[in-house]
Colleague: 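Take a look at the following structure, please.
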There are 2 protein chains.
Amino acid sequence: MNYLIHMQRTAAPIDYSIQEEKIARYAKALAHPIRIRILKFLDQQACCFTGEFTEEIPLAQSTISQHLKELKDAGLIQGNVMPPRIKYCINKEAWMEAKQYFTNFFS
Amino acid sequence: MNYLIHMQRTAAPIDYSIQEEKIARYAKALAHPIRIRILKFLDQQACCFTGEFTEEIPLAQSTISQHLKELKDAGLIQGNVMPPRIKYCINKEAWMEAKQYFTNFFS
DNA sequence: AATATTCATCGTAAATTTGCGATGAACTAT
DNA sequence: ATAGTTCATCGCAAATTTACGATGAATATT
C-alpha cells in the first residue's frame, strides 16, 4: 500500500451550483465557431438535414456529425428521423433556458 | 513524394465571421464551472487577489492560476500588480462586449 | 435482389485542456 | 543579508476535443 506516496490527489470534490454547471455546459457547446454557425443557420432556416450543413461547411461529414452530436448532447438541438435523413431543429426549451442563464449571468 | 497517399487533408480554410469567433472565444472561457464561479465572485466583490480564490476554491494554487490565465487570455478579467500580490478585476469593456454578443445571438 | 443515399459511429492521430507539485521571480519584513 | 509571502510558470500525466477516412445501418430506388 505504498500508493499513498506520490499519488495524485483524487478529483476535487467541488460541488458546483446548478447555475455554474448549466452555464458552463451551454458555454462548452458554444465554444466552437462551427457550432455557432450551425446554430445561426438553424435559427434562420427553422430546420435542416445533416446534408445541408455538409454543403455549407467545408469539413468532413463525420466531423460535422460530431459537432451536431455535441450540440445535441448539450440539449440545444434535437434530431428527428425522416428516413433516410435526419432533420435537426433548435430545441427551443433549452435555447430559452440557455438564454435565461446567460442573461442572468451578465445581469 | 509518396506522402500524397493517405495524407490527412490540411486544416480546412474556413473563415469565420467576427461574430462566430467572438462568441466561440468567450464561450470557451465560460466553459468551466470554476471559471463561472470566479467571475461571479469577482462580480460581487469588485476585485480579488489570487489568494482569495485559493481560499474559496479547493483546487491547487497552480490550477486556479491557470484558470485565471484562461479568463485573462479571453479578455474577461485583468490583473493589476500590487506587489507581492495581484489584484484581479472584471474587464468591463470585454464583459459588456460578451454580453452584447450573447444577447444578439440569443435574440 | 442489387444498388444508391443519408447519416451515425468507430478507430486513430494530433492538439488542447485540466489537474498536480515543484520551482523561481518579485517583493516585504526581519 | 535572510527568510517569508504571493503568485506565475514549467514539466508532466491523464482526459478530452477535434479532425479525418472507413464502415455499416436504415431506407429508398431500380
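Computation of the quantities below employed the complete heavy-atom set of this structure, encompassing side-chain atoms and omitting hydrogens, waters and symmetry-equivalent molecules. Throughout, protein chains are lettered first and strands after them, A, B, ... in sequence-line order, and every chain is numbered starting at 1.
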Colleague: To the nearest angstrom, how far is A/R25 atom CZ from D/dT17 atom C1'?
Modeller: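 Atom-to-atom, A/R25 to D/dT17, this comes out as 12 Å.
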Colleague: I want to verify a distance call: between C/dC7, D/dA19, C/dC27, whose nearest atom is closest to the A/S65 side chain?
Modeller: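 The answer is C/dC7.
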Colleague: Quick check on C/dA8: is either OP1 or OP2 less than 4.0 Å from any side-chain nitrogen or oxygen of A/T50?
Modeller: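 Indeed, a polar side-chain atom of A/T50 lies that close.
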Colleague: By nearest heavy atom, map A/I64 and A/V81 onto DNA chain D; which one lands nearer the 5' end?
Modeller: A/I64
Colleague: For the residue pair A/F53 and A/Y88, does the interplanar ring angle fall in the parallel (under 30°), tilted (30 to 60°) or perpendicular (over 60°) class?
Modeller: tilted
Colleague: With respect to the side chain of B/R35, which nucleotide from D/dT18, D/dA26, C/dT18 is positioned closest?
Modeller: C/dT18
Colleague: How are the rings of A/H32 and B/Y16 set to each other: parallel, tilted or perpendicular (split at 30° and 60°)?
Modeller: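 The rings of A/H32 and B/Y16 stand perpendicular, inter-plane angle above 60°.
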Colleague: Identify the heavy atoms of B/I90 and B/W95 that sit nearest to each other, and give their distance.
Modeller: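 Minimum heavy-atom separation between B/I90 and B/W95: CG2-CB, 3.8 Å.
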Colleague: If I take atom NE2 in residue A/H67 and atom P in nucleotide D/dT18, what distance separates them, rounded to the nearest angstrom?
Modeller: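 Distance, rounded to whole Å: 6 Å.
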Colleague: Give every residue pair that meets the salt bridge (Lys or Arg N to Asp or Glu O under 4.0 Å) criterion with at least one member in residues 98-107 of chain B, sequence neighbours excluded.
Modeller: none
Colleague: Rounding to a whole Å, what distance do you find between A/Q61:CD and D/dG24:C1'?
Modeller: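 Rounded to whole Å, this separation is 12 Å.
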Colleague: Measure CZ/B/F49 against P/D/dA8 and give the value in whole Å, please.
Modeller: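 In whole Å, D/dA8 P and B/F49 CZ are 12 Å from each other.
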Colleague: Choosing from C/dT6, D/dT9, C/dT9, which nucleotide comes nearest the side chain of B/K69?
Modeller: D/dT9
Colleague: Separation of B/I34 atom CD1 from C/dT18 atom P, in whole Å?
Modeller: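 Spelled out: CD1 on B/I34 to P on C/dT18 is 9 Å.
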Colleague: For A/Q78 and C/dC7, give me the distance from atom CD to atom C1', rounded to whole Å.
Modeller: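 It works out to 18 Å between those atoms.
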Colleague: Let me know the distance between CZ of B/R85 and C1' of D/dG4, rounded to the nearest Å.
Modeller: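 One finds 14 Å between C1' of D/dG4 and CZ of B/R85, rounded.
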Colleague: Does any N or O donor sit under 3.5 Å from an N or O acceptor when you compare the side chain of B/Q66 with the base of D/dA8?
Modeller: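 No, the side chain and the base share no sub-3.5 Å donor-acceptor pair.
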Colleague: Would one find a side-chain N or O of B/H32 under 4.0 angstrom from OP1 or OP2 of C/dG19?
Modeller: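 The answer is yes; a side-chain N or O of B/H32 sits under 4.0 Å from OP1 or OP2.
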Colleague: May I have the distance from B/N80 (atom CG) to C/dA26 (atom C1'), rounded to whole angstrom?
Modeller: 17 Å
Colleague: NZ of A/K40: more than 12 outside heavy atoms within 6.0 angstrom?
Modeller: yes
Colleague: Among C/dT6, C/dC27, C/dC20, which nucleotide sits nearest the side chain of B/A60?
Modeller: C/dC20
Colleague: So what does A/T63 touch, heavy atoms closer than 4.0 Å: a base, only the sugar-phosphate, or nothing?
Modeller: base
Colleague: Base, sugar-phosphate alone, or nothing: which one does B/K28 contact when heavy atoms must sit under 4.0 Å apart?
Modeller: sugar-phosphate
